[in-house]
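Written below as structure tokens is the structure these notes are about.
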Amino acid sequence: MILVTGGAGYIGSHTVKELRERGEEVVVYDNLSTGHIEAVGDAHFVKGDLFDTELLKKTFKDYKVDSVIHFAAYSLVGESMTNPAKYYHNNVAGTLSLLDAMLAENVKYLVFSSSAATYGDAGDGLITEDSPQNPTSVYGQTKLMMEQFMADYDKAYGMKYVALRYFNAAGAHVSGEIGEAHNPESHLIPLILQVPNGKREFISVFGEDYPTPDGTCVRDYIHVTDLADAHIKALEYLKNGGRSTHYNLGNGNGFSVKEVIDTVEKVVGKKINRKIAERRAGDPASLVSSSDKIKKELGWKPKFDSLEAIVATAWQWHSTHKDGFDK
Ligand code: UFG
């Protein structure tokens, strides 16, 4: 049995769906603070907090858990700068509680959602797993600290982990059944889609004076089901005796904020009003991934390799679920 923390959240729920489609037994552990019970599907569900080490231990025992995929975390770069306490408590202390429960119950395998935000401002080239990690945000710092705990727990206790450093997760499941539903929304693509959905008059472009070709921030957008597939491959790798390691996950193509808005206009077939606004604190200018390592070592390959295809799945979800799961 695989325990998925944060399995009611955006990337977690897509991974749970993919696991279930492949016939895996899954128990979702989520406090539903930002997740949605509707996104859990037919997996087992335990409502619980990461800080509840005793409930985690009980869940490991009750469901005979042998491995964990750990998504549960707060993940907003901007908020982490204004409320660092929330991020250090939940992401860092919460992960320690999970690791301690795993140790107590002898659960040895962990796939963990890390982030491109651990690299910080890495220049405009492709980022590899060996690029320096100097986070520019508290959020990125919490993910880096979590990676460090895992490395130490492996050395001392033999707990095996794969840290997946995602770039910008985007899109929705092709079935149209689940998708991105943050409240309030802060991510670029769903916010742009609120304009054609009639929920927002314009999209704000955060900064036009970055050292990038058009002055707006460049990101590497990766489809959420491609991320899900990578988690499953990483877990299989660990169960087959693989060593602890780190992988980047992106498409290897950078798109500026303006290019993303242009792509949405094309997919939706409507003009999107835009306004230039101030920079947002904590945002690096450019984050683009080299994902060669996971391609070579685990045979992972993204199915959605164009931004248009990714945005089309996001539009399918958002145009039919204007208020997320409360439609
Ligand atoms: N942006 C705007 N206007 C908006 C919202 C966002 O211009 O209204 C810009 C941001 O400044 C940024 C880009 O669009 O340059 C993407 O912003 P998102 O908030 O969608 O995503 P981030 O790049 O900030 O962060 C996301 C995840 C993090 C993860 C990071 C890794 O939220 O968890 O990707 O790249 F760490």
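We count ligands from 1, going down the list as the structure has it; atoms in each ligand are counted the same way.
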Tell me the protein heavy atom at minimum distance from [atom], and give that distance in Å.
atom: atom 3 (N) of ligand 1; result: S204 O, 2.7 Å
atom: atom 15 (O) of ligand 1; result: C217 CB, 2.9 Å
atom: atom 27 (C) of ligand 1; result: H187 NE2, 3.9 Å
atom: atom 24 (O) of ligand 1; result: R280 NH2, 2.6 Å
atom: atom 11 (O) of ligand 1; result: D283 OD2, 2.6 Å
atom: atom 5 (C) of ligand 1; result: F206 CE1, 3.5 Å
atom: atom 26 (C) of ligand 1; result: N168 ND2, 3.6 Å
atom: atom 36 (F) of ligand 1; result: S115 OG, 2.5 Å

Do we see a donor-acceptor contact under 3.5 Å between the side chains of [X] and [Y]?
X: S113; Y: H70; result: no
X: Y166; Y: D226; result: no
X: T118; Y: Q133; result: yes
X: T53; Y: S97; result: yes
X: E297; Y: Y237; result: no

Check [X] against ligand 1 and report side chain, backbone, both or neither, counting heavy atoms closer than 4.0 Å.
X: S186; result: backbone
X: R279; result: neither
X: I203; result: side chain

Between [options], which one has a non-hydrogen atom sitting closest to [atom]?
atom: atom 8 (O) of ligand 1; options: L191, I276, V205, I11; result: L191
atom: atom 28 (C) of ligand 1; options: Y166, Y10, F202, Y139; result: Y139
atom: atom 14 (O) of ligand 1; options: L76, L188, V77; result: L188

Parallel, tilted or perpendicular, as decided by the 30° and 60° cut-offs, for the rings of F71 and H231: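 The rings of H231 and F71 sit tilted, inter-plane angle from 30° to 60°.
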How about Y10 and H187: are their ring centroids closer than 6.0 Å?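 Centroid distance Y10-H187: not below 6.0 Å, so no.
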Check whether more than 12 heavy atoms from other residues, nucleotides or ligands sit under 6.0 Å from atom NE2 of H89, and answer yes or no.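 No, not enclosed.
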Is any N or O atom of Y221, backbone or side chain, closer than 3.5 Å to an N or O atom of ligand 1?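 In this structure, Y221 places no N or O atom under 3.5 Å from an N or O of ligand 1.
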Look at the side-chain heavy atoms of Ile, Leu, Val, Met, Phe, Trp and Tyr, link any pair under 4.5 Å apart, and say whether L110 and M1 land in one connected group.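 In one cluster: yes.
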Please answer: with hydrophobic residues joined when any side-chain heavy atoms are less than 4.5 Å apart, are V68 and I2 in the same cluster?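 Different clusters.
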Taking 4.0 angstrom as the limit and counting only heavy atoms of L287, give me the atoms of ligand 1 inside it, by number and element.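 Those of ligand 1 that fall under 4.0 Å from L287 are 35 (O).
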